[in-house]
Amino acid sequence: QLKQTRSDVDWAMVRYHNRVSFGFLTTVEQDQVTAAYKSYQTAFNEAARQAQLNYNTPTPDNVKQLANQLLSILDSIP
C-alpha cells in the first residue's frame with residue numbers, strides 16, 4: 001500500500017538526515033540520495049494523486065522500484 005511505502009521511506013530518510021547532521025556522509029553520497037529521493041517523491045506524489053489520496057491503494061510497480069532503489073542506496077552507505 002502507498003502508506004506502507006511512504007512509511008518505509010520516511011523512516012529511512014529520518015535515519016539518513018540524522019547521519020547527515022553528524023557529518024557522516026560525503027557530498028557524493030548526499031547527491032545520490034537527493035537524486036533518488038526526488039525521483040521517488042515525484043512518482044509517489046503522482047501515484048497518490050491518481051489514487052485520489054487514498055493511501056490504502058496498492059503501490060504501483062514504478063513507485064516500488066524507485067523506493068527500493070532509494071532504500072538500496074541508503075543501505076549501501078556505511
Side-chain angles (χ1 to χ4, degrees):
Q1 295 176 333
L2 285 170
K3 67 180 174 183
Q4 185 62 52
T5 302
R6 181 177 60 186
S7 177
D8 293 345
V9 169
D10 285 353
W11 277 109
M13 289 302 291
V14 166
R15 290 190 304 272
Y16 163 75
H17 287 298
N18 288 339
R19 296 194 65 186
V20 168
S21 67
F22 286 106
F24 293 141
L25 285 91
T26 66
T27 305
V28 171
E29 291 167 333
Q30 291 178 46
D31 291 346
Q32 284 180 314
V33 172
T34 299
Y37 183 75
K38 183 177 179 179
S39 295
Y40 154 78
Q41 191 65 47
T42 299
F44 181 91
N45 288 343
E46 178 60 23
R49 188 190 65 75
Q50 288 181 8
Q52 298 177 341
L53 302 181
N54 177 359
Y55 293 101
N56 291 316
T57 300
T59 303
D61 289 340
N62 69 316
V63 178
K64 285 182 199 176
Q65 180 183 13
L66 291 168
N68 288 335
Q69 179 183 1
L70 172 59
L71 294 172
S72 177
I73 291 169
L74 291 170
D75 288 343
S76 74
I77 298 172

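Atoms considered below: every heavy atom in the structure, side chains included; atoms not considered: hydrogens, waters and symmetry mates. In this chain, residues are counted from 1 in sequence order.
Between Ala48 and Leu2, the closest heavy-atom pair is CA-CD1, 4.0 Å. Across every non-hydrogen atom of Val63 and Ala43, the tightest pair is CG2-O, 3.6 Å. Minimum interatomic distance between Ser39 and Leu66 (heavy atoms only, all atoms of both residues): O-CD1, 3.6 Å.
Atom CD of Gln32 is separated from atom CG of Leu70 by 11.0 Å, given to the nearest 0.5 angstrom. Between Lys64 atom NZ and Gln4 atom CD the span is 12.0 Å, to the nearest 0.5 Å. Distance check, rounded to the nearest 0.5 Å: OG1 of Thr42 to CG of Asn62 gives 11.0 Å. Between atom CD of residue Glu46 and atom CZ of residue Arg49 there is a gap of 4.0 Å, rounded to the nearest 0.5 Å.
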- Run the side-chain contact (heavy atoms from CB on, under 4.5 Å) check on Arg15 and Leu74 step by step: do they pass? CA-CA 9 Å; Arg15 290 190 304 272; Leu74 291 170; over 6 Å; no

- Message: Assess the residue pair Tyr16 and Leu25 against the criterion (side-chain contact (heavy atoms from CB on, under 4.5 Å)); give the C-alpha distance rounded to whole Å, side-chain angles, the decisive distance to 0.1 Å, and a yes or no.
- Response: CA-CA 9 Å; Tyr16 163 75; Leu25 285 91; 3.5 Å; yes

- Message: Between Tyr55 and Arg6, is the side-chain contact (heavy atoms from CB on, under 4.5 Å) condition met? List the steps.
- Response: CA-CA 9 Å; Tyr55 293 101; Arg6 181 177 60 186; 3.7 Å; yes

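A distance-only check finds no donor-acceptor pair linking the side chain of Ser7 to the backbone of Lys3 [under 3.5 Å]. Formation of a donor-acceptor pair under 3.5 Å by the Gln41 side chain with backbone atoms of Lys38 is not found in this model.
Screening Thr59, Leu53, Asn54 for a side-chain contact (heavy atoms from CB on, under 4.5 Å) with Thr57, the sole residue that qualifies is Asn54. Considering Val33, Val28, Thr27 as possible partners of Asp31, the one that fulfils the side-chain contact (heavy atoms from CB on, under 4.5 Å) test is Thr27.
With sequence neighbours excluded, the residues satisfying ring pair (Phe, Tyr, Trp, His ring centres under 6.0 Å) with Phe44 are Tyr40.
Linking ILVMFWY side-chain heavy atoms closer than 4.5 Å, directly or via other members, places Phe22 and Ile77 in a single hydrophobic cluster. Put simply, Trp11 and Met13 are part of two different groups of oily side chains (I, L, V, M, F, W, Y) that touch within less than 4.5 Å, one to the next.
The environment of Gln65 atom CD is sparse: at most 12 non-hydrogen atoms of other residues, nucleotides or ligands sit within 6.0 angstrom.
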